[in-house]
2 protein chains.
Amino acid sequence: MSDRHDRSTARQTSQRLGGSVSGVNSRDWRPRYLQLAEELRARIESGELARGTAMPSETELADSSGLSRTSVRNAIRQLREWGLVRAEQGRGTYVRAPRQRIRRRNTERYQWEKDRVLLDEAERRRTGGTEHDTGLTVDDLKFHAEYSEVKADEEMAAAFGLPVGTPLLRRVYWTSSRHETAPLSASYSYLPYDLVKGNKHLLSADYEPWPGGTQHQLSTVGIELDRIEEVVQARPPLPDEAELLDIEAGVAVLDVRKTSYDIRDRVVEIADVVFPGDRTELCFTTKLKRWNA
Amino acid sequence: MSDRHDRSTARQTSQRLGGSVSGVNSRDWRPRYLQLAEELRARIESGELARGTAMPSETELADSSGLSRTSVRNAIRQLREWGLVRAEQGRGTYVRAPRQRIRRRNTERYQWEKDRVLLDEAERRRTGGTEHDTGLTVDDLKFHAEYSEVKADEEMAAAFGLPVGTPLLRRVYWTSSRHETAPLSASYSYLPYDLVKGNKHLLSADYEPWPGGTQHQLSTVGIELDRIEEVVQARPPLPDEAELLDIEAGVAVLDVRKTSYDIRDRVVEIADVVFPGDRTELCFTTKLKRWNA
DNA sequence: GAGTGGTCTAGACCACTGT
DNA sequence: CAGTGGTCTAGACCACTCC
């Protein structure tokens with residue numbers, strides 16, 4: 001851990017590995033599958049292997065590199081972990097579009113959402129939270145929502161401070177851009193059923209997309225939020241998350257457990273939001289009190 | 001993405017995979033290396049393969065499971081990506097201690113650090129930020145610090161809003177518990193040299209551990225912080241990060257780019273803090289303004 | 001020197017995708 | 001159907017660790 005002027009580079013490329021390689025060279029001391037991986041990475045980044053196009057097949061690569069197919073597969077596994085290619089059974093291996101990291105400003109977002117509750121509906125409908133994040137309009141976005149009633153298991157009960165078995169409204173939703181396949185995040189939200197049953201619009205997915213977000217929905221049943229606590233962790237994706245978010249098995253997800261407290265200090269919503277780790281940045285701002293204040 | 005009553009489980013175990021497996025069964029439709037991986041996972045979680053002990057060697061596993069060594073290695077690769085085992089060249093593969101996730105409350109931490117600046121030194125010295133996080137005392141902790149002067153590259157210059165080539169003080173540090181090998185995080189911090197040169201204590205690692213943290217250090221040269229912005233992302237570890245933080249290549253790190261602004265709205269510190277993804281939770285709190293205020 | 005994990009080969013069969 | 005990636009085998013040599 002001595003020489004690291006390039007720490008910052010790691011944030012941008014997600015990778016920083018040795019010098020350039022112009023072929024699989026037996027004089028190089030690194031394993032040959034890694035040399036091949038880095039050569040292919042260079043060809044992708046130079047644009048020679050363009051985004052969306054098929055890579056040479058494994059047998060072709062084995063022939064052209066002089067390596068066995070096993071070694072070629074090791075190289076491709078490396079590229080997949082780097083998020084550079086996507087393998088599809090029976091079809092081929094494709095160069096991924098270079099992923100632009102989407103920055104989500106959570107701290108500002110929540111206050112913005114709260115302020116918006118006081119606006120009239122026409123105004124709210126114009127732009128929602130996702131549109132705020134992405135700069136896209138509602139016509140570019142495709143919503144998925146799924147509502148159900150469940151009973152609190154031990155973990156949820158503890159998180160809400162309610163008895164096990166308490167009815168909860170469970171909402172699963174994600175939003176995709178119409179021009180891209182994979183959603184930007186997947187969200188699993190839980191609300192105590194008793195809190196929201198006063199407004200029938202909250203109980204069914206038929207009314208989605210609801211203009212104004214969860215804070216507005218809660219305001220219709222008399223709930224004002226005081227603070228939101230978010231616990232961020234990185235973990236491997238579940239198989240279905242990998243599919244939904246279009247990430248390789250080796251790429252982590254950012255998992256945010258969001259807990260909302262109302263002004264009476266009750267937990268009124270718990271949401272698990274899952275982001276693809278290779279294209280998401282979460283931004284938090286901590287405002288500090290003045291010493292002389 | 002239909003049936004997900006177990007979303008929450010994913011947060012705790014980092015893994016949730018099919019039912020239990022009591023052997024590598026050819027009737028099972030899953031690949032046999034995965035069956036073996038899950039069988040071994042069950043044996044680890046049951047305690048049969050205790051933490052810290054060596055796994056059966058690859059050849060032993062090949063013999064006992066009736067699979068080839070290649071398939072056994074695939075299974076072990078899976079276990080490594082799950083963070084359950086650590087392979088050491090020439091020695092063996094060892095069961096990892098089950099990792100307790102450490103929760104780091106960033107939002108509260110920074111205000112706490114700021115408040116502490118106003119305390120006297122004896123008080124400050126009693127507990128530092130790391131001790132605050134971990135509950136350990138200074139005697140249990142081992143500090144590493146390394147200072148150097150560097151010139152701002154393009155990225156750093158842009159982040160600071162200063163010309164390329166501006167001298168920066170670069171500080172690399174990490175803290176380990178004396179009882180554990182791997183540090184909880186690694187930190188790479190940059191300060192404009194001109195800002196801190198007024199206090200020679202800030203320019204050398206000899207004075208570490210400095211009681212009071214960066215905010216106190218900055219206060220000695222007349223700087224008061226206004227806010228801290230943190231951008232969180234998940235990415236694969238660099239090879240040396242994997243070694244330092246004791247994680248497998250397949251496990252992601254949480255990378256936090258922390259930017260500190262002073263009350264004159266200058267960027268006064270930029271720090272990249274890297275956490276092992278398999279045992280870190282970052283907690284952020286967003287306090288919302290009252291509607292009636 | 002014996003044992004370990006890391007790399008590598010030259011095959012094979014499979015499920016899946018296109019035409 | 002031919003071609004693709006996914007799985008699997010039965011070997012081999014290497015660097016490394018420990019005795």
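None of these values were measured; they are calculated from a predicted model.
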[X]: side-chain contact (heavy atoms from CB on, under 4.5 Å) partners, not counting sequence neighbours:
X: B:Ala62; answer: B:Val72
X: B:Ser185; answer: B:Val273, B:Phe275
X: B:Asn74; answer: B:Tyr33, B:Arg77

Report the residues that fulfil salt bridge (Lys or Arg N to Asp or Glu O under 4.0 Å) with [X], sequence neighbours left out, ordered by chain and then residue number.
X: A:Glu48; result: A:Arg43
X: B:Arg73; result: B:Glu58
X: B:Arg91; result: B:Glu88
X: B:Arg96; result: B:Asp246, B:Glu248

A:Asp63 CG to C:dG11 P, straight-line distance once rounded to whole Å: 12 Å
Annotated protein contacts, base or backbone, on nucleotides 3-10 of chain C with a non-hydrogen cut-off under 4.0 Å, one of B, S, - each: BBBBBSBB
Dot-bracket notation for DNA chain C, counting Watson-Crick and G-U pairs under 3.5 Å, with | for partners on another strand: |||||||||||||||||..
Side chain to side chain donor-acceptor pair (under 3.5 Å) partner of B:Ser189, the single match among B:Lys258, B:Arg171, B:Arg170: B:Arg171
